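Here the structure comes first, spelled out in structure tokens, and everything after it is commentary.
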Amino acid sequence: MGKRSKTHGSSSRGRGSKRGPSRTHQKHDDDQPSDNDIKPDSIVNSDGHTDNAGESTRQIDTPVAMWDFDHCDPRRCSGKKLARLGLIKELKVGSPFRGIVISPIGTSVVSPADRHIVAKDGLAVVECSWARLDDVPFSKLSSPHERLLPYLLATNPTNYGKPWKLNCVEALAAAFYITGFDHHAETLLSGFGWGESFWKVNRMYLEKYQTCKSATEVDAMQNAILAELQESYAQARREKDLEANSGSPEDLLVPNPNHTQLIPDVDEASDSDEEDDNE
């Protein structure tokens, strides 16, 4: 699970086309390591299998792993489902991982500059509950490349629409997208019925992060996104307040022309109420 890159965490650890997770950027995949490259101990087994639902696994030739602390409901845990699909390897506490690790204790955000590390040594995540971060022995999770995730929205059923609250598969997919391994991200998400929505909801953000060259640029891009969102929110509030104060046609506090002699003038009543409020 990866923390957000500012001061808060992302629920699980942290695109460029109009299509969802079926898109693939060939230029990203051409330079991936071949089967003859040396793989770290965390490499996922290449033996394909079929899970209980009858889905045939799609393999990823880059190491994908997780430290799982069993904080989640096994029936809803995306990490455990990836393990059943043969798309991720579970690591024991104390086992080292030489690739990028999406973790709440990371000090910099994942960026396209991390692509060569992911290609060579893979990507891992800390699978734990946001409510139990204090129970995780982060000091025993050894990795030289711990990373945070930038601003993104969760689309999983538990935290849909919440910023930074990504689950395990979303965190891994986000890191793969940002580092240019779009096909790997799509492979992971394809095992979930809601998976396609992650790209659709976060496309504008992910495409911007993909244009960056370093963690510093991703940070700056994230700050620009947050500033834009804040301004958009403030503008919406101003428009709402303006509409509320302008007396829209739907305002029911208007005098009935048939009873003008029987009820006090509405404007006078409003003025009286305002004076009471000021007091």
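All values below were derived from every heavy atom in this structure, side-chain atoms included, with hydrogens, water molecules and symmetry-related copies excluded. From a predicted model like this one, the values you see are computed outputs, not experimental measurements.
- Checked by atom type, the side-chain pair T155/E170 shows a donor-acceptor distance below 3.5 Å.
- Scanning for side chain to side chain donor-acceptor pair (under 3.5 Å) contacts around T211 gives an empty result, with sequence neighbours left out.
- Distance check, rounded to the nearest 0.5 Å: CZ of R147 to CD1 of I117 gives 5.5 Å.
- Residues L149 and I102 share a closest heavy-atom pair of CG-CG2, 3.7 Å.
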*Dump the intermediate steps for side chain to side chain contact (heavy atoms under 4.5 Å, CB included) on F192 and L82, then the final yes or no.*
CA-CA 10 Å; F192 300 82; L82 289 177; 3.8 Å; yes

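- Residues K165 and A154 share a closest heavy-atom pair of O-CB, 3.1 Å.
- The OG1 atom of T179 sits 8.0 Å away from the CD1 atom of I100 when rounded to the nearest 0.5 Å.
- Nearest heavy-atom pair across M66 and C168 is SD-SG, 4.3 Å.
- In this structure, S95 contributes its side chain and L91 its backbone to no donor-acceptor pair below 3.5 Å.
- Separation of atoms CD1 (I88) and NZ (K81) is listed at 13.5 Å; rounding is to 0.5 Å.
- Within the model, atoms CG of N167 and CG of N156 stand 4.0 Å from one another, a figure rounded to the nearest 0.5 Å.
- Follow the hydrophobic side-chain contacts under 4.5 Å out from M204 and you reach I225 in the same cluster.
- Among residues at least two apart or in separate chains, salt bridge (Lys or Arg N to Asp or Glu O under 4.0 Å) pairs with a member in residues 225-236 are K208-E228, E231-R238.
- The heavy-atom pair separating A174 from L152 by the smallest distance is CB-CD1, 3.5 Å.
- A donor-acceptor distance shorter than 3.5 angstrom exists from the side chain of W67 to the backbone of K92, with no hydrogens or angles considered.
- In this structure, the separation between CD on E196 and CD on E186 is 9.5 Å, given to the nearest 0.5 Å.
- Closest approach of L148 and S103 over heavy atoms only: CD2-O, 3.3 Å.
- The minimum heavy-atom distance linking H145 with G99 is given by the pair CB-O, 3.6 Å.
- Listed for the D114 side chain is a donor-acceptor partner under 3.5 Å among the backbone atoms of S111.
- Taking the six-membered ring where the residue is Trp, H184 and F181 present parallel rings, their angle staying beneath 30° rather than reaching 60°.
- Remark: Y209 pairs with no residue by the ring-ring contact (aromatic ring centres under 6.0 Å, His included) rule, at least two apart or across chains.
- The CD1 atom of I60 lies 7.5 Å from the NE2 atom of H183; values are rounded to the nearest 0.5 Å.
- For the side-chain contact (heavy atoms from CB on, under 4.5 Å) with V64, the lone residue among L172, L87, T187 that qualifies is L172.
- Listed by chain and number, the residues in a side chain to side chain contact (heavy atoms under 4.5 Å, CB included) with S214 are T216, E217 (sequence neighbours excluded).
- Q230 pairs by the side chain to side chain donor-acceptor pair (under 3.5 Å) definition with nothing, not counting sequence neighbours.
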